[in-house]
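Let me begin by presenting the structure, written as structure tokens, before commenting on it.
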Amino acid sequence: MRSEKMDAFVQEVDARTDILQVVQSYVPMKRRGGRYWGCCPFHHEKTPSFSVVPDKGFFYCFGCHAGGNAFKFLSMIENVSYFDAIKMQAEKLGIPMPARDRTPEQEARDRQFANLRKVNQMARDFFHNCLTMTRYGEPGKAYFAGRGISDATIEAFGLGFAPAAWDKLSTAFQKRGVPQQVLLEAGLAAERKQGPGLYDRFRNRIIIPIADIRGRVVGFGGRVLDDSKPKYLNTPETILFNKRKLLFGLDRSHRAIQDAGYAIVVEGYMDAISVFGAGVENVVATLGTAFTADHAKLLMQYLPPGHPVICFCYDSDAAGQNATIRALAIIQHTGAEVRVIVVPDGKDPDEYIRKHGADAFRSLAEHAQGLFTYRLQYVLRHVDYTQRAGKEEVERQMAPVILSQPTKARLETTRRLAQILMLDEGIVRADLQAAGRRAPEPENTGPTAAQQRQPVRKVDDAAEAAGRVIIRMAWNHPDELTRLRDVLPTDHIPSPVQQEILRYLQDQHDAGRAPTAVQAAADLSDAAGEKLTEALTEDVDPSAEAQAYRDSVSMLRKSYFTQLIQEHSRRATEAINAKDNARAEAELKEVKRITELRSALDADET
């Protein structure tokens, strides 16, 4: 059941949305005639085939045939549902959602979410201002300068500093009306063990705000300036903050990941900030936890479906090696390829960039090793494989990598390992299979969503082109639908997708509603939405549209009659062969009737 309040909300958001402004915040566009053109964000191309027609409110790509209105664009590029895209745009425009009937429990939970988001944003501003605008931030400024973190990067990530005082934030926020309970629920403060009151969770630490994919602050990470313990401190688990489901920096890097075609995963947020600040923006970091199935799902939403690649840049010690192998067990079911960026001299990305620069790190990323080569080099350095026991240990450590590969690659790497160990290939294969049976089952990541599309060479025929003309007329002149239904029933349209569009337009007309791009995108299938967009954005001569419409209707009617004549003629032949004279006579009469109808149509046109 449709809600009048919700319809009005959507209409207001639509009325205040400029599709060109929306698209240009993601894609550089250049005007050419009445359109704007750019390279499609949904498939890789060098020559622009992606267009926006502002006065019609649609975008369309002539390469991969993605199309729709502003909200469809947002839903595709942000990988959210269509209605979530409308809500995102409403938030940007400051348009409140209409009130819904909610249970007291639901209302309380909504308030809790809103309160935590608000106080997190307040805390982000508090820490940032302490760093950039007060004397309390001097130690933090010195720390960032020593790490080579620029002022621009500090601003981009909203980095901050927590003063050394016990309750600077808690006292300031309570004076501003923030209840103690909200500070506790957000993980910004804790109750004093002796006496009443609160103390700040983050003190004398640089502060890194942690955001969800939509850029909303959900928690914080704090790093000490000396050798105090713990070195890193994160917000505790809250209804907003779950380390297993968050990747630091993904809100900023997901577009770069789509453009580059691969993601770089580092161990900590300081590494991610350094790599990002050096201009390598397709980078994310885990938050002090192992790489999880939820992390894999997040990344796979932004990686190209044809050949997704995830590059790990962990420390080169045993812990980093083991973390990379564990990540393999999670990623292998997604279809993504795992590569490893090897940083020389055991340095982390942050240290390497400070010493050698961004270009040197980019070169490391471009020459990332395959997981088999990387793992094998490490194992051979740390295992004495001159004896049989050592050879078995090498096989045991290499089994997870080799057995995760496709059949052809697995045969090749098994052969290489057998040569290195100087063992019979059959023995090595049997040993690996035995090791695989003993290994625990990897964590299943479930289905993943692929955002990137493939360019499609379109095969257009006369019937398809005629269908677009008819759809365009039906959209721009809905009253024509009444006559159209009589002269050209919907099933006369050869394309099932175009039939779906026309049925939808007829239903809207019968209900007394004018079609809108917003509602059509919500109601039609993706394929029909794209076909509708193609029809409405086609570059045509307005003065010739009326004649093109008449010609299109006539052509499809004749085509339909021709098909009927052929079908009934075939049935008549079958009846004659079966010596069924009555059925043959009936079919031939039908052939004659349809032929006369077609002839009458020809006569009317002449």
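As the structure is a computational prediction, the values presented were derived from the model and not from experiment.
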Exercise. Between the side chains of Asp271 and Tyr352, does any donor sit under 3.5 Å from an acceptor?
Worked result: no

Seminar exercise, completed: Across all chains, not counting sequence neighbours, the salt bridge (Lys or Arg N to Asp or Glu O under 4.0 Å) partners of Asp151 are none

For this session: Output yes when a side-chain donor or acceptor of Arg223 lies under 3.5 Å from a complementary backbone atom of Leu233, and no otherwise.
Result: no

For this session: Might you point out which heavy atoms bring Arg255 and Pro41 nearest each other, and give the distance in Å?
Result: NH2-CB, 3.6 Å

Exercise. Considering residues at least two apart in sequence or located in another chain, which fulfil the salt bridge (Lys or Arg N to Asp or Glu O under 4.0 Å) criterion with Arg216?
Worked result: Asp212

Problem set entry | Side-chain donor-acceptor pair present, Asn69, Tyr82, cut-off under 3.5 Å | yes

Exercise. Under 3.5 Å, side chain of His295 to main-chain N/O of Arg244, donor-acceptor pair present?
Worked result: yes

Exercise. Taking all atoms of both residues into account, what is the closest heavy-atom pair of Ala162 and Ile207, and its distance?
Worked result: N-CG1, 3.7 Å

Problem set entry | N/O donor-acceptor pair under 3.5 Å between Arg31 side chain and Gly33 backbone | yes

Exercise. Taking all non-hydrogen atoms of both residues, which atom of Pro349 and which atom of Val266 are closest, and how far apart?
Worked result: CG-CG1, 4.1 Å

Exercise. Going through the checks in order, is the side chain to side chain donor-acceptor pair (under 3.5 Å) test met by Asn234 and Tyr269?
Worked result: CA-CA 11 Å; Asn234 283 330; Tyr269 29 64; 3.2 Å; yes

Exercise. Quick check: does any side chain N or O of Ser274 sit under 3.5 Å from a backbone N or O of Asp350, one acting as donor and the other as acceptor?
Worked result: no

For this session: Name the orientation class of the two ring planes belonging to Phe312 and Tyr314 (parallel below 30°, tilted from 30 to 60°, perpendicular beyond 60°).
Result: perpendicular

Exercise. Has the side chain of Glu45 got a donor or acceptor atom that lies under 3.5 Å from a matching backbone atom of Ser49?
Worked result: yes

Problem set entry | Heavy atoms of other groups near Lys231 NZ, more than 12 under 6.0 Å | no

Problem set entry | Check: Ser228/Asp226 side-chain N/O donor and acceptor closer than 3.5 Å | yes

Exercise. For Ala256, does its backbone N or O pair with a side-chain atom of Ser253 as donor and acceptor, under 3.5 Å?
Worked result: no

Problem set entry | Side-chain ion pair, Glu12 and Arg16, N-O less than 4.0 Å | yes

For this session: Identify whether the distance between the nearest side-chain nitrogen and carboxylate oxygen of Glu191 and Lys193 falls below 4.0 Å.
Result: no

Problem set entry | Sidechain N-carboxylate O distance under 4.0 Å for Glu78, Arg214 | no

Problem set entry | Donor-acceptor side-chain pairing of Arg339 and Tyr374 below 3.5 angstrom | no

Exercise. Does a sphere of radius 6.0 Å around NZ in Lys141 hold more than 12 heavy atoms from other residues, nucleotides or ligands, not counting ones at 6.0 Å or beyond?
Worked result: yes

Exercise. Within the distance-only criterion (no hydrogens, no angle test), does the side chain of Arg201 pair as donor or acceptor with the backbone N or O of Leu188 below 3.5 angstrom?
Worked result: no

Problem set entry | Minimum-distance pair of heavy atoms, taken over all atoms of Phe161 and Gly137 | CD2-CA, 4.0 Å

Exercise. In terms of side-chain geometry, is the basic nitrogen of Arg203 or Asp200 positioned less than 4.0 Å from the acidic oxygen of its partner?
Worked result: no

Problem set entry | Steps toward ring-ring contact (aromatic ring centres under 6.0 Å, His included) verdict (Phe50, Phe59) | CA-CA 7 Å; Phe50 178 86; Phe59 75 92; 5.6 Å; yes

Exercise. Does the Thr235 side chain pair with the main chain of Phe220, one donor and one acceptor, at a distance under 3.5 Å?
Worked result: yes

Problem set entry | salt bridge (Lys or Arg N to Asp or Glu O under 4.0 Å) partners of residues 113-133, not counting sequence neighbours, each pair once | none

For this session: Measure from the side-chain N and O atoms of Gln11 to the backbone N and O of Val518, and report whether any donor-acceptor pair falls under 3.5 Å.
Result: no

Exercise. Cationic tip of Arg252 within the cone over Phe157's six-membered ring, i.e. under 6.0 Å and within 45° of the normal?
Worked result: yes

Exercise. Closest heavy-atom contact between Ala90 and Phe9?
Worked result: CB-CZ, 3.5 Å

Exercise. If only atom types and distance count, is the side chain of Thr238 paired as donor or acceptor with the main-chain N or O of Leu240 below 3.5 Å?
Worked result: yes

Exercise. Is any NZ, NE, NH1 or NH2 atom of the basic residue among Asp167 and Arg192 found under 4.0 Å from an Asp or Glu carboxylate oxygen of the other?
Worked result: yes

For this session: Would you check if the distance from the ring center of Tyr26 to the ring center of Phe73 is below 6.0 Å?
Result: yes

Exercise. If you measure only the distance, is there a donor-acceptor pair under 3.5 Å linking the side chains of Arg32 and Tyr36?
Worked result: no

Exercise. Between Ala66 and Phe42, which heavy-atom pair has the shortest distance, and what is it?
Worked result: CB-CD1, 4.0 Å

Problem set entry | Side chains of His128 and Glu155, donor plus acceptor under 3.5 Å | yes

Problem set entry | Arg176 to Phe173, cation-pi by 6.0 Å centre distance and 45° axis angle | yes

